[in-house]
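Comments concern the structure below.
Labels below follow one simple rule: chain letters A, B, ... track the order of the sequence lines, proteins then strands, and each chain is numbered from 1.
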There are 2 protein chains.
Amino acid sequence: MEYERIKELLVPSSKVVITTHRSPDGDAIGSSLGLYHFLILNGIEASVIIPDPDPEFLRWMAGHEHITVFELDQEKAKSLISEANVIFSLDYNRLDRIAEMGAWVEKASAKKILIDHHIDPATYFDFSLSDTSASSTAQLVFQFADNLGWNSLLNKEIAECLYSGIMTDTGSFKFSSTSAYTHRVVADLMDAGLVPDHVHNSIFDNNSYDRLQLLGYALSNKFEFDADLGISIIGVSLSEKNRFKYQKGDTEGLVNYGLSVKGSKMAVFLSEELNFTKFSFRSKGQVDVNKIARAYFNGGGHKNAAGGRLDISLKDAINYLKDVIQNKISL
Amino acid sequence: MEYERIKELLVPSSKVVITTHRSPDGDAIGSSLGLYHFLILNGIEASVIIPDPDPEFLRWMAGHEHITVFELDQEKAKSLISEANVIFSLDYNRLDRIAEMGAWVEKASAKKILIDHHIDPATYFDFSLSDTSASSTAQLVFQFADNLGWNSLLNKEIAECLYSGIMTDTGSFKFSSTSAYTHRVVADLMDAGLVPDHVHNSIFDNNSYDRLQLLGYALSNKFEFDADLGISIIGVSLSEKNRFKYQKGDTEGLVNYGLSVKGSKMAVFLSEELNFTKFSFRSKGQVDVNKIARAYFNGGGHKNAAGGRLDISLKDAINYLKDVIQNKISL
């Protein structure tokens with residue numbers, strides 16, 4: 001990245017919009033708000049726009065009250081996008097990941113800056129900090145700020161936002177994308193005032209009773225494990241989700257239970273929506289779920305974590321999945 | 001600690017025994033084997049002795065095959081202890097924590113070195129590295145080795161052992177004992193070849209399908225949450241455990257699900273055994289479960305994590321617990 005040229009773009013007279021992907025997760029919100037605070041502290045007029053609402057357990061982050069949700073406040077979002085000098089794309093790298101917002105970002109006259117760690121970035125960006133080996137976009141925001149000489153601005157609020165992104169996207173420093181640099185970044189965030197257990201409590205100890213009931217039900221009634229193939233499948237239907245008063249985010253992490261069974265090489269979680277079924281894939285070692293999600297499930301992601309979607313019911317989706325497992329792929 | 005005098009004790013002609021506590025956990029085994037490798041690399045004749053067997057999910061650590069289990073091989077253990085020049089006490093600080101082994105360690109002529117992070121250390125040690133603010137004994141072993149100038153010896157095997165201790169004792173870097181130094185130590189361990197996800201997989205992704213079925217069953221059928229009082233209760237009977245082919249450790253961590261409900265101040269997990277019921281208490285903030293466990297449940301522990309036991313059935317235990325909650329304590 002050409003940091004000198006970016007420095008010229010990020011000055012107090014700039015209007016900057018930060019965008020992130022649909023169904024925003026901890027890294028999407030954490031990296032966006034982390035960058036937002038860095039910009040504000042530089043005297044820059046900055047806004048964060050997300051396509052649709054984020055789950056409640058992320059809404060404690062400092063600055064969250066200033067986020068604009070595109071689908072709830074389109075006029076404001078469109079005017080911010082069209083007036084921006086600089087638009088950041090954080091934690092996504094193709095415009096189809098931000099739904100209808102994509103068309104508005106595409107036609108905006110602003111310079112486009114990508115900060116992301118997903119594979120195969122689109123090439124339409126003016127500047128691109130794409131590192132598929134990075135643990136998280138939040139880690140890349142730290143690095144970006146460091147390269148711009150902003151590290152002296154690091155404070156507790158930024159540290160909490162970036163930690164949220166790093167910690168959730170690494171599964172609490174578990175995933176193979178966690179590097180020595182990741183831990184050194186977190187040490188610096190702690191020096192800036194981060195108290196990790198507050199963040200953990202805010203994000204994880206926020207369960208509704210219904211959510212835990214849904215977890216229990218899914219594990220005891222909807223969980224299949226094929227020990228020969230090393231494949232776990234958990235699927236919940238729309239009516240089951242309704243029964244447990246499903247809120248967005250309630251099934252987050254469920255796929256990891258599947259992967260935690262001894263001998264599990266790949267875990268799939270299926271969640272039925274109104275007219276389609278969403279797939280979450282997780283794998284270990286050499287099993288490449290990105291390839292599988294791309295080839296058969298209209299999706300993609302990382303080698304060991306990917307998603308997909310098919311416009312069929314849960315029942316049909318499980319049958320299709322089993323057909324793919326039996327006949328199309330080998331782990 | 002007087003590292004110069006310790007250096008004189010730790011020379012190739014020394015015979016060193018490393019001991020750790022009963023029911024050894026990840027930090028006990030990880031710190032002991034980490035130190036063991038450092039000693040061996042210095043040409044020192046070293047042995048690790050544990051009072052009773054450790055759980056299977058820790059036995060993959062390098063050097064584990066050289067561990068002597070006191071209760072399985074008393075003659076060998078006693079002769080190692082009596083011939084030692086130096087005995088290390090790792091991850092415990094009172095001899096009653098090592099059961100019958102304590103008497104033998106006490107009468108041994110060896111110099112005694114403590115490396116530990118528990119409160120109220122006994123004073124009988126010749127050298128004592130006691131730091132109650134440290135995340136783990138494994139972190140203190142890293143620091144001890146660093147102070148002896150051994151850091152150039154750090155290798156992948158040592159790094160995996162020490163990481164196992166740090167990671168398990170911090171709840172994956174969640175607990176408030178996690179410091180910036182903790183993360184910097186882990187970064188150094190990664191530079192030495194540690195691959196964290198291998199360790200996580202070895203320790204955690206070892207669930208049996210039955211264990212997850214028991215978890216699901218307990219959450220969906222045995223979980224009560226009193227939103228007014230902020231109290232979660234989960235109890236499983238002996239026959240329920242048998243139904244899911246219960247193995248030691250299978251209900252480990254279940255109490256934390258109770259505490260993860262928004263608004264939960266205290267969580268209790270009850271596990272019925274043959275003629276008694278075991279209690280695990282967890283709490284947040286100012287709720288002191290150590291006091292409660294001591295006063296009503298024949299137990300104790302820490303302020304936010306304690307245990308207890310009553311010689312009654314699960315059903316009676318739940319009734320008694322509810323009576324205590326309603327009439328004896330206020331949160």
Side-chain angles (χ1 to χ4, degrees), chain A residues 56-57 167 170-192 194-201 204-209 211-225 227 232 244 256-264 284-285 304, chain B residues 57 163 167 170-192 194-201 204-225 227 232 234 244 256-264 284:
Chain A
E56 213 189 299
F57 62 84
M167 185 268 287
T170 58
S172 297
F173 311 100
K174 171 181 175 169
F175 301 151
S176 58
S177 57
T178 308
S179 63
Y181 178 69
T182 306
H183 281 284
R184 292 198 169 99
V185 168
V186 171
D188 288 352
L189 298 180
M190 291 192 71
D191 286 340
L194 163 73
V195 181
D197 64 330
H198 290 182
V199 176
H200 284 266
N201 291 343
F204 295 117
D205 290 352
N206 232 322
N207 283 325
S208 67
Y209 182 68
R211 182 188 183 183
L212 290 172
Q213 292 294 104
L214 174 57
L215 168 63
Y217 173 79
L219 290 179
S220 43
N221 297 290
K222 308 301 301 276
F223 184 5
E224 298 178 55
F225 177 61
S232 298
F244 293 101
N256 297 318
Y257 287 89
L259 206 61
S260 79
V261 183
K262 199 172 180 169
S264 178
K284 287 192 170 162
N304 293 135
Chain B
F57 61 84
Y163 181 79
M167 186 268 288
T170 57
S172 297
F173 311 99
K174 169 179 176 168
F175 302 152
S176 57
S177 57
T178 308
S179 64
Y181 178 68
T182 307
H183 281 284
R184 291 199 170 98
V185 168
V186 171
D188 287 353
L189 299 180
M190 291 192 71
D191 286 342
L194 162 72
V195 181
D197 65 330
H198 290 182
V199 176
H200 284 266
N201 292 345
F204 295 118
D205 290 352
N206 236 321
N207 283 326
S208 65
Y209 182 69
D210 286 318
R211 182 187 183 183
L212 290 171
Q213 292 294 104
L214 173 58
L215 168 65
Y217 173 80
L219 291 179
S220 42
N221 297 291
K222 308 301 302 277
F223 183 7
E224 298 179 56
F225 177 61
S232 299
I234 304 176
F244 294 101
N256 297 318
Y257 286 89
L259 204 63
S260 79
V261 182
K262 198 171 180 168
S264 178
K284 287 194 169 159

Quick one: what part of [X] sits under 4.5 Å from any heavy atom of chain B, side chain, backbone, both or neither?
{"X": "A:Leu259", "answer": "backbone"}
{"X": "A:Phe173", "answer": "both"}
{"X": "A:Phe204", "answer": "backbone"}

- [ ] Kindly compute the distance separating CD (B:Gln213) from CZ (A:Phe223), expressed to the nearest 0.5 Å.
- [x]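 One gets 7.0 Å once the value is rounded to the nearest 0.5 Å.
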| CG of B:Leu189 to OH of B:Tyr163: how many Å apart, nearest 0.5 Å? |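 Going from CG on B:Leu189 over to OH on B:Tyr163, the span is 9.5 Å.
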Where is the tightest heavy-atom contact between [X] and [Y], given as atom of each residue plus distance?
{"X": "B:Ser172", "Y": "A:His200", "value": "O-CE1, 4.3 Å"}
{"X": "A:Val261", "Y": "B:Ser208", "value": "CG1-C, 4.5 Å"}
{"X": "B:Ser177", "Y": "B:Thr170", "value": "OG-CG2, 4.4 Å"}

Pick whichever of [options] has the most heavy-atom pairs under 4.5 Å with chain A.
{"options": "B:Asn206, B:Thr182, B:Asn221, B:Val199", "answer": "B:Asn206"}
{"options": "B:Phe175, B:Tyr257, B:Tyr181", "answer": "B:Tyr257"}
{"options": "B:Val195, B:Asp205, B:Leu215", "answer": "B:Asp205"}
{"options": "B:Asn256, B:Asn201, B:Leu214", "answer": "B:Asn201"}

For chain B, the option from A:Arg211, A:Lys284, A:Lys262 that forms the most heavy-atom pairs under 4.5 Å: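 Top option by heavy-atom pairs under 4.5 Å: A:Lys262.
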Under a 4.5 Å cutoff for heavy-atom pairs, which residue among A:Gly171, A:Ser179, A:Ser264 has the most contacts with chain B?
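Greatest number of close heavy-atom pairs with chain B: A:Ser179.
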task = Check whether B:Asp188 gets within reach of chain A through its side chain, its backbone, both or neither, counting any heavy atom under 4.5 Å.
result =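 For B:Asp188, backbone and side chain are both near chain A.
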ask   = Given that the side chain runs from C-beta out, which part of B:Phe57 has a heavy atom under 4.5 Å from chain A: side chain, backbone, both or neither?
value =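 Contact with chain A involves no heavy atom of B:Phe57 at all.
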(request) Indicate yes or no: at least one non-hydrogen side-chain atom of A:Asn207 is less than 4.5 angstrom from one of B:Phe225. (result)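 No - every pair of side-chain heavy atoms lies 4.5 Å or more apart.
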Is any side-chain heavy atom of A:Pro196 less than 4.5 Å from a side-chain heavy atom of A:Met190?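 Yes. Closest side-chain heavy atoms under 4.5 Å.
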Lys/Arg-Asp/Glu bridge criterion (N-O < 4.0 Å) met for B:Arg184, A:Asp191: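 Between A:Asp191 and B:Arg184 there is a salt bridge, with a charged N closer than 4.0 Å to a carboxylate O.
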